[in-house]
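Structure, as structure tokens:
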Amino acid sequence: VISHFAYLALFALLVSIVFAVLMRDDPRQQLRTAGVLFAGFLATAFVLSWLMYPLPL
Amino acid sequence: MATKSTTAEATRASAEPGTLTLVCVLAWALPGAAHIWLGRRQKGIVFLVVLSLMFGIGLVLEGRIFPFELSEPLVALAAIADMGMGIPWLLTRMMGAGAGLVTAATFEYGNTFLIVAGLLNFLVMLDAFDIAMGRK
């Protein structure tokens with residue numbers, strides 16, 4: 001069993017790859033776009049996590 | 001510029017309804033297959049590997065292949081999304097797998113992987129259609 005964050009990161013990575021390959025034709029650009037999307041996914045997850053931190057469960 | 005538009009026109013002219021239908025069916029049936037058939041081998045292989053991996057991970061995480069229940073709209077929508085994976089979805093249903101384990105901690109993660117894999121394959125289908133039409 002791996003952590004929730006690892007599942008999130010794995011999901012973000014796979015979705016980023018598909019979107020990058022759909023959007024770009026050049027492999028180098030695909031890699032760059034996938035990296036940017038992946039970083040965006042993770043950054044958004046961190047920001048949302050901290051915003052939800054004060055909320056009671 | 002003139003060369004590009006001429007190529008697009010030539011592709012569009014060759015995109016007959018039968019060919020387009022075949023492209024869409026192929027793209028639905030096996031993720032990436034239409035791209036490979038249309039000569040976009042690198043893209044096709046990436047779609048095949050990544051989307052199959054997502055679908056497989058969804059099943060391993062105890063996700064559920066949702067049934068078509070029109071009485072429950074959200075379940076029906078999830079079923080349509082799952083269906084986007086084509087043959088892998090069909091095989092999973094035929095083998096009786098993908099029942100899902102609602103008590104598993106990873107149940108919702110599994111559902112997310114399965115649903116998003118299907119939805120992404122719908123996007124891949126549209127991309128293959130655009131390529132066949134000469135728009136890309």
Side-chain angles (χ1 to χ4, degrees), chain A, chain B residues 4 7-8 27 31-32 34-36 38-63 81 84-85 101 103-131 135-136:
Chain A
V1 179
I2 57 174
S3 73
H4 293 254
F5 180 75
Y7 288 127
L8 182 151
L10 181 63
F11 177 81
L13 177 70
L14 296 174
V15 173
S16 301
I17 292 170
V18 174
F19 273 124
V21 174
L22 274 173
M23 290 161 61
R24 307 277 182 245
D25 290 327
D26 178 50
R28 195 171 291 178
Q29 282 186 326
Q30 288 171 353
L31 206 62
R32 191 175 179 279
T33 307
V36 170
L37 286 171
F38 181 59
F41 269 119
L42 291 191
T44 307
F46 274 111
V47 170
L48 288 177
S49 307
W50 278 107
L51 285 176
M52 288 192 288
Y53 187 71
L55 298 177
L57 286 174
Chain B
K4 193 175 178 181
T7 310
H35 282 79
I36 294 171
L38 291 166
R40 311 281 174 111
R41 190 182 295 176
Q42 182 255 354
K43 284 190 172 202
I45 291 170
V46 171
F47 293 142
L48 180 63
V49 171
V50 174
L51 293 180
S52 302
L53 192 63
M54 280 189 81
F55 192 77
I57 291 171
L59 291 177
V60 169
L61 295 181
E62 306 287 358
M85 270 304 285
L101 184 63
T103 53
T106 55
F107 176 68
E108 291 298 344
Y109 291 102
N111 288 339
T112 306
F113 272 88
L114 290 171
I115 289 169
V116 173
L119 292 176
L120 285 173
N121 198 40
F122 281 128
L123 282 180
V124 170
M125 276 174 69
L126 289 174
D127 191 59
F129 180 79
D130 279 345
I131 293 168
R135 293 177 186 148
K136 291 183 91 175

What's the shortest heavy-atom distance between [X] and [Y], and which atoms?
{"X": "A/Val15", "Y": "B/Met54", "result": "CG2-CE, 4.0 Å"}
{"X": "A/Gln30", "Y": "B/Lys43", "result": "NE2-CE, 4.0 Å"}
{"X": "B/Arg40", "Y": "A/Asp25", "result": "NH1-OD1, 4.2 Å"}
{"X": "B/Ile57", "Y": "A/Leu14", "result": "CD1-CD1, 4.0 Å"}
{"X": "B/Thr106", "Y": "A/Tyr7", "result": "CG2-OH, 3.4 Å"}

Got a second to check how far B/Asp130's CG is from A/Leu22's CG, nearest 0.5 Å? 10.5 Å

Using a cut-off of 6.0 Å, state whether more than 12 heavy atoms not belonging to B/Phe122 lie near its atom CZ. yes

Interchain contact, B/Leu123 with chain A, by part (heavy-atom threshold 4.5 Å): both

